[in-house]
Amino acid sequence: MSQSLPDTPVEGVTRYGLFIDNQQSAPIEGDYLDVVNPATGRVWAQVPNASAKDVDAAVESARRAFEEGDWPAHRAADRAKFLIRFGEAIADNADEIAQLQVNENGKLIREMVGQAKLMPEYFNYYAGLAQMPTGSTNPLHVQQMLNYTVREPLGVVAAITPWNSPLLLLVWKLGPALAAGNTVIAKPSEVTPVSAIRFAQLAAEVGLPPGVFNVVTGLGSPSGTALTGHPGVDKIAFTGSTATGQAIAAQAGRTLKRVSLELGGKSPNIVFDDADLTSAVNGLVAGIFGASGQTCMAGSRILVQDTVYDQVVEELTRRAEAIEVGDPQNPASEMGTVACRPQYEKVLSYIEVAKADGARLVAGGTTAQVDGFPDGLFVRPTVFADVTNDMRIAQEEVFGPIASLIRFSDEDEAVRIANDTQFGLAAGVWTGNVQRAHRVASRLRAGTVWINNYRKTSYATPFGGYKQSGLGRENGADALREYTEEKSVWVDTGQGVKDPFNPRA
C-alpha cells in the first residue's frame, strides 16, 4: 500500500499527496479535500485541492519528460514492453485497486475486481497497436517525388476522469496516450482520487520515467480549470457530463487544444414484441440497475411495444423489487450505493420530478435501509411506467437507478422516440427478427447499438457518441489516432528543383 504524507491529520484517515515526477508531494498552495466512503459515511482519506501553481508543476514535469526525456524517443517496442509490465502490476494488485475504488464510490466489489482484472488486457492491446504501422506512402501526380506520412505524439495530455468507473475510464485514455508516446496528467474526480494516485505509483514502480504520468487532485475549480486552460497542455481527454464537456471544449478552443469528449447519455433500450422477453428483461435490468445506474451508457429509457408493454412492466417491476441492495463489499449484494451525497440528492429529486410530471411509480422510489450502514447512500431500484418522452425523466440524464418505461406501437414510432433526445451515446434493440435488428440499428443515432444484449464494451472496438454525447472515440485503433498528429513528408528523388516558379514541375 502507498505511504501517507507525514502530516496525517486524524487517526484512520490517510493523507495523500499530488503525484508528480514519480513521487507524492504536498501541495504548494491550497488545502486538502476529504474522501468519504459512501457506504459508511466516514472520511477515510484526504487529497490535495490542487492550485494553479500545483498544476504548473505537473505540466512542467510532463513537458520536460516529453521534450527532454526518453519516453517519446523510445522505440515503440520499448513503450510496448512498459505497457505489458504495467498490466502485469495491475493484475498483481487487482484486489487492492478494486478495494480502493469500492471505498471511494460504493460500487460492488465483484464489479470492481472484474474491471481490475480486465485492465491488463487493454494495455496488452495497445502494446500491440503501438508496434503496428501507422503511416502510409502515397501515389503522387508529380514525378520523382516520394511522399509518406507518419503519426507522432501530440505532447502533454490532460486526462480528466469521472467517479463511476475511475480506473477503467482512465485506462481508456492512458493506454493509447502512452502507446503513442505522449505524457499524461490525470485529474480524477474529487470523489475518487486515491485509486488514481495508487495507479500512478504502480506505473512508477515498474519503470515509467518521471513526469510521464502525473496525477493532480482537486475540485473542478481551481484544479480542473487550471489544467484544461494551461498553455502547456496539448490535448484534453474528458469523460463526464455534457455541460462540463461543453465548457471544456469552449475553453480548449481558445488555444486550439485537441479535445476528445465522452459525455452523457439517455439511451433507449427498445423491446419489440417478437423478442425473447426473458432475455430482454435481463438486459433491461443490467442496462439500468448495473452500477446503480451510474453509467453514461445506462439504458434509462425503456421503449416497449404496446402488445407486450404490460407484461414487461410487470416483470421488470418484480425483478427490480427483488434486487439485493446492500454492502458493496458483500459478494451477495446486487446493487451498492450512489457514489456521493450530491448525486444521491440529485437522484432522489428526480424521483419527485417524475411523480410531479405524471409518471406512474411501480417500484422503488425510496431510499434503502441496509443493516449496519445507517449513513449509507442507498437508493431502491426505481421503475416508472407510463412515461412520455417529453417528461424530464425521459430527457435529462439522472445517472442513477431509475428506469422510465415508454410505450410505442410500431417500428417507426420506436425509432422516432429513440432519436428524440439531445444525446446519442448508445441504444439497445431486442427482437427475434434479424432484418428488423439491422434495419433499426442503422436508423438509430447512437455511437453504439447493442442487439439482444446491452452494456458490453471492449478494448478492440470504438466507443463514443453522436450529438451531445461527445466528440471522438475511445478504445480500438481509433483511440490511438486521437492521441497523434499526422505529418506529411515530401522527398525529392530526382535532380532537384527545375523551375522555382512552378512547384508542380
Side-chain angles (χ1 to χ4, degrees), residues 63 66-80 83 125-158 172-173 175-184 231-237 249-250 252-262 424 438 441-443 445-449 458-467 469-505:
R63 286 234 68 89
F66 182 75
E67 295 174 358
E68 303 173 16
D70 294 332
W71 181 252
H74 271 329
R75 296 181 308 149
D78 293 328
R79 292 199 297 270
L83 292 173
Y125 175 78
Y126 283 107
L129 278 188
Q131 301 175 82
M132 296 292 290
T134 58
S136 62
T137 56
N138 304 304
L140 302 172
H141 70 282
V142 292
Q143 295 183 354
Q144 296 183 322
M145 283 285 176
L146 168 68
N147 176 259
Y148 63 90
T149 64
V150 293
R151 301 200 74 92
E152 298 179 340
L154 288 166
V156 176
V157 173
W172 285 17
K173 298 163 178 54
L178 294 180
N182 299 281
T183 58
V184 178
V233 171
D234 300 293
K235 175 186 169 71
I236 303 167
R254 291 194 284 271
T255 52
L256 295 182
K257 288 178 172 54
R258 303 296 185 268
V259 176
S260 55
L261 305 171
E262 198 267 278
H438 291 287
S442 71
R443 297 174 68 190
R445 299 289 293 165
T448 295
V449 179
S458 170
Y459 47 80
T461 188
F463 185 83
Y466 289 24
K467 299 188 282 188
S469 286
L471 298 171
R473 292 296 182 266
E474 297 194 290
N475 299 335
D478 296 70
L480 197 61
R481 289 189 283 271
E482 296 277 355
Y483 292 91
T484 59
E485 290 274 28
E486 190 167 32
K487 177 183 289 183
S488 177
V489 180
W490 288 74
V491 181
D492 187 339
T493 62
Q495 301 300 315
V497 176
K498 305 296 189 300
D499 183 348
F501 300 106
N502 183 8
R504 293 180 178 272

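Only a predicted model underlies this, so the values are computations on that prediction, with no experimental measurement involved.
Applying the salt bridge (charged side-chain N to carboxylate O under 4.0 Å, His left out) test to Arg473 and every residue at least two apart in sequence or in another chain returns nothing. With sequence neighbours left out, the salt bridge (charged side-chain N to carboxylate O under 4.0 Å, His left out) criterion links Glu485 to Arg258. Residues passing the salt bridge (charged side-chain N to carboxylate O under 4.0 Å, His left out) test with Asp492, sequence neighbours excluded: none. Take Gln131 and apply the side chain to side chain donor-acceptor pair (under 3.5 Å) test, not counting sequence neighbours, and it matches no residue. Evaluation of the salt bridge (charged side-chain N to carboxylate O under 4.0 Å, His left out) rule for Arg254 yields no partner, not counting sequence neighbours. Residues passing the side chain to side chain donor-acceptor pair (under 3.5 Å) test with Thr448: none are found, sequence neighbours excluded.
Between the Arg445 side chain and the Tyr466 main chain, no donor and acceptor come within less than 3.5 Å of each other. Counting only distance, with no hydrogens or angles, the side chain of Tyr126 and the backbone of Gly476 share a donor-acceptor pair below 3.5 Å. Of the possible donor and acceptor atoms, one in the side chain of Arg63 sits under 3.5 Å from a partner among the backbone N and O of Gly232. Judged purely by atom type and a 3.5 angstrom limit, Ser458 uses its side chain to pair as donor or acceptor with the backbone of Ala460.
Atom-to-atom distance recorded for Asp234:CG and Tyr483:OH is 13.0 Å, nearest 0.5 angstrom. Interatomic distance, OG1 of Thr493 versus CG of Leu146, reported as 7.0 Å (0.5 Å rounding). Between Asn182 atom CG and Leu154 atom CG the span is 5.5 Å, to the nearest 0.5 Å. Distance check, rounded to the nearest 0.5 Å: CG of Leu83 to CG of Leu129 gives 10.5 Å. Atom NZ of residue Lys173 and atom CD1 of residue Ile236 lie 12.5 Å apart, to the nearest 0.5 angstrom. Atom CG of Asn475 sits about 9.5 Å away from atom CD of Glu262, to the nearest 0.5 Å.
Here the closest heavy-atom approach between residue Lys235 and residue Val233 is recorded as O-CG1, 3.3 Å. Between Val184 and Ala177, the shortest heavy-atom contact is CG2-CB, 3.8 Å. Residues Tyr125 and Tyr459 share a closest heavy-atom pair of CE2-O, 3.2 Å. Here the closest non-hydrogen pair linking Thr255 and Lys257 is OG1-NZ, 2.9 Å. Gly424 and Ser469 make their closest contact through N-OG, 2.9 Å (heavy atoms, listed as atom of the first residue, atom of the second, distance). Taking all atoms of both residues into account, the shortest heavy-atom contact from Thr149 to Ser488 is CG2-CA, 4.2 Å.
Annotation: side chain of Tyr148 is in contact with side chain of Val491 (closest heavy-atom distance under 4.5 Å). Side-chain contact between Met145 and Asn147 is absent, with no heavy atoms from C-beta onward closer than 4.5 Å. Between Pro153 and Phe66, the closest side-chain pair of non-hydrogen atoms falls below 4.5 Å.
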After noting the C-alpha distance and the side-chain angles of Thr134 and Arg151, does the key distance pass the side chain to side chain donor-acceptor pair (under 3.5 Å) rule?
CA-CA 6 Å; Thr134 58; Arg151 301 200 74 92; 5.8 Å; no
